[in-house]
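Presented below is the structure to which this report refers.
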Amino acid sequence: MKIGENKFMPELPDVEVFKRYLDSTSLHKTIKKVEVKDKKILEKTTAKKIKSKIEGKKFNDSKRHGKYLFINLEKKLSLMLHFGMTGFLKYFKNMDDESGHSRILFTFDNGYYLSYDCQRLLGKVRLIENISDIIKEKNLGPDALSIDIHFFKDIFENKRGGIKSALMNQKNIAGIGNIYSDEILFQTGIHPKAKVNNFDEILIKELYTKMKNVLNTAIEKNANPDNFPKNFVIPQRKKDGKCPIDGVALKKIRVNGRETYFCPKHQEKL
DNA sequence: AGTACCACCTGACGGC
DNA sequence: TGCCGTCAGGTGGTAC
């Protein structure tokens with residue numbers, strides 16, 4: 001992946017792809033060396049601690065919750081990775097192939113490297129004991145792929161406010177960001193400014209189904225918009241983008257301060 | 001509770 | 001050509 005050509009916007013599907021990439025490249029190898037190249041991405045830890053806790057150990061397995069990735073090293077020791085908006089992982093053999101904004105570099109005993117790259121330094125890396133502590137501390141809701149319909153319905157119970165911010169609020173559901181919330185609303189025909197208190201049972205169920213479908217499909221396609229089905233709007237989130245269903249020009253508005261694309265013809269449900 | 005800001009950051013882009 | 005302002009987007013903080 002070339003610098004500046006990063007197609008990933010680290011929301012749930014992207015982080016799931018990172019997880020699978022990590023699992024297939026970086027597990028069960030002794031980590032000879034860890035180099036923190038920019039400590040701005042560290043949260044409640046130091047480069048020294050990262051080094052002393054990780055060197056000599058192995059990544060055993062990983063878990064994802066929302067946009068967070070947790071890599072287990074041993075009992076009571078995991079590495080938390082959050083990718084901000086420009087983060088990704090890269091596994092490579094030659095240092096010539098190191099990505100342009102490598103912030104932490106792991107060296108394995110097989111001669112390969114794993115880099116945590118984060119151009120805008122908005123990501124976070126931290127040493128933790130338990131995943132559940134972090135979910136509690138950050139007040140994260142259930143993961144969008146494992147949330148059941150009853151929890152999902154709670155988002156609409158006794159609440160006001162807009163659907164887009166409700167979907168993006170990590171305390172309600174973990175994993176959905178600006179890009180995928182647009183896709184989910186597009187697929188359900190819901191206007192991005194719709195208010196949650198107007199949602200009836202049928203629409204909530206439909207939204208739930210489409211949410212899972214959009215996220216699972218994106219993962220299946222490696223979170224690469226070039227591979228997305230023809231009826232997805234994400235590849236059209238750009239200047240002169242057209243609705244892949246109606247062919248009309250997409251509208252670009254701001255919702256809760258976020259750039260939002262929608263089809264004025266079929267996203268009418270308020 | 002919900003909204004409306006700001007800050008953190010870098011680099012791409014448009015205006016002049 | 002090059003300088004400068006603006007803005008993307010996740011999270012977290014504050015103020016209303």
Side-chain angles (χ1 to χ4, degrees), chain A residues 1-18 36-45 64-70 80-89 99-104 115-126 128 133-141 143-144 154-185 192-199 215 218 223 225 233-241 250 252-262:
Chain A
M1 192 189 300
K2 273 196 199 159
I3 304 130
E5 289 183 351
N6 185 1
K7 289 185 175 119
F8 295 103
M9 311 149 262
E11 300 182 29
L12 187 152
D14 312 272
V15 179
E16 180 62 27
V17 170
F18 299 161
V36 175
K37 300 192 168 206
D38 196 319
K39 54 188 191 328
K40 282 195 191 77
I41 48 104
L42 299 182
E43 182 175 280
K44 294 185 178 174
T45 191
R64 184 191 55 71
H65 187 100
K67 303 173 191 173
Y68 288 85
L69 183 58
F70 302 97
M80 180 199 91
L81 301 180
H82 188 280
F83 297 92
M85 48 170 289
T86 53
F88 62 93
L89 297 173
S99 49
H101 306 277
S102 176
R103 307 305 187 190
I104 300 192
S115 154
Y116 166 90
D117 188 292
C118 191
Q119 182 196 99
R120 290 184 208 175
L121 297 166
L122 295 173
K124 287 289 169 225
V125 175
R126 172 169 171 180
I128 64 162
D133 294 344
I134 296 300
I135 291 173
K136 207 179 275 178
E137 180 190 310
K138 305 206 178 265
N139 204 1
L140 297 176
D143 182 80
D154 283 349
I155 297 165
F156 303 86
E157 295 286 322
N158 308 313
K159 294 234 168 99
R160 300 176 285 129
I163 182 60
K164 177 150 169 158
S165 54
L167 285 176
M168 285 175 62
N169 186 342
Q170 303 301 299
K171 295 174 175 67
N172 290 335
I173 325 165
I176 299 166
N178 195 38
I179 308 293
Y180 284 96
S181 62
D182 273 9
E183 187 67 59
I184 293 162
L185 294 174
K193 287 201 168 172
K195 301 287 181 206
V196 296
N197 53 328
N198 294 338
F199 282 51
L215 298 174
V233 76
I234 288 174
Q236 294 297 317
R237 292 181 90 267
K238 59 187 180 190
K239 194 173 180 291
D240 301 325
L250 293 175
K252 187 173 121 178
I253 56 173
R254 292 193 84 81
V255 180
N256 292 91
R258 300 288 166 164
E259 183 174 72
T260 299
Y261 288 82
F262 75 104

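Side chains included, hydrogens not; waters and symmetry mates left out as well; all remaining heavy atoms used. Every chain is numbered from 1 and lettered A, B, ... according to where its sequence line falls, protein lines coming before strand lines.
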A:Asn178 and A:Arg237: CA distance, side-chain angles, deciding distance, side-chain contact (heavy atoms from CB on, under 4.5 Å) verdict: CA-CA 11 Å; A:Asn178 195 38; A:Arg237 292 181 90 267; 3.5 Å; yes

If you apply the rule side-chain contact (heavy atoms from CB on, under 4.5 Å), what do you find for A:Thr86 with A:His101, and how did you get there? CA-CA 10 Å; A:Thr86 53; A:His101 306 277; over 6 Å; no

Audit row: A:Ile253, A:Phe262, side-chain contact (heavy atoms from CB on, under 4.5 Å) steps and yes/no: CA-CA 8 Å; A:Ile253 56 173; A:Phe262 75 104; 3.6 Å; yes

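For A:Tyr261, there are no ring pair (Phe, Tyr, Trp, His ring centres under 6.0 Å) partners at least two apart in sequence or on another chain. The side chain to side chain donor-acceptor pair (under 3.5 Å) check on A:Lys195 picks up nothing, with sequence neighbours excluded. A:Tyr180 meets the ring pair (Phe, Tyr, Trp, His ring centres under 6.0 Å) test with no other residue; sequence neighbours excluded.
Checking each of A:Phe83, A:Phe88, A:Tyr116 against A:Phe18 for a ring-ring contact (aromatic ring centres under 6.0 Å, His included) leaves exactly one that passes, namely A:Phe83.
Rounded to a whole Å, the CZ atom of A:Arg126 is 16 Å from the C1' atom of C:dG10. Separating the CD atom of A:Glu43 from the C1' atom of C:dG12 is a distance of 10 Å, rounded to the nearest angstrom. Across the protein-nucleic acid pair, A:Lys124 atom NZ and C:dG12 atom P stand 9 Å apart, rounded to whole Å. Regarding A:Lys238, its NZ atom lies at a distance of 18 Å from the P atom of C:dA8, rounded to whole Å. Atom-to-atom, CG of A:Leu121 to C1' of B:dG11 comes out at 12 Å; the value is rounded to the nearest Å. Atom CE of A:Met9 and atom C1' of B:dG11 are 17 Å apart (whole Å). If you measure from atom CG of A:Asp117 to atom P of B:dC9, you get 17 Å, rounded to the nearest angstrom. If you measure from atom CD of A:Glu157 to atom P of B:dA1, you get 15 Å, rounded to the nearest angstrom.
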Any N/O pairs under 3.5 Å between the protein and nucleotides 2-8 of chain B? List them or say none.
unit_1 : atom_1 : unit_2   : atom_2 : d
B:dG2  : OP1    : A:Arg160 : N      : 2.8
B:dG2  : OP1    : A:Arg160 : O      : 3.2

Between the protein and nucleotides 13-16 of chain B, list every N/O to N/O distance that falls short of 3.5 Å.
none

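Here A:Arg103 lies out of heavy-atom contact (under 4.0 Å) with every strand.
Closest approach of A:Lys124 to A:Lys40, counting heavy atoms only: NZ-O, 3.4 Å. In this structure, A:Ala144 and A:Leu12 approach most closely via the heavy-atom pair CB-CD1, 3.8 Å. Summarising the geometry of A:Leu167 relative to A:Ile176, their closest heavy-atom pair is O-CB, 3.6 Å, with the distance given to 0.1 Å. For the residue pair A:Lys193 and A:Arg254, the shortest heavy atom distance occurs at CE-O, 3.8 Å.
Taking only side-chain nitrogens and oxygens, A:Gln119 never comes nearer than 4.0 Å to OP1 or OP2 of B:dG11. A sub-4.0 Å separation between OP1 or OP2 of B:dG11 and a side-chain N or O of A:His101 is present.
By the neighbour-count criterion of 12 heavy atoms within 6.0 Å, atom NZ of A:Lys39 is sparsely surrounded, having that number or fewer from other residues, nucleotides or ligands.
Of the two residues near DNA chain C, A:Lys67 and A:Gly257, the one whose nearest nucleotide lies more 5' is A:Gly257.
When the C1' atoms of four end pairs are superposed on the next four at each end of the helix from B:dG2-C:dC16 to B:dC16-C:dG2, using five pairs per end, the two resulting axes differ in direction by 50°, to 10°.
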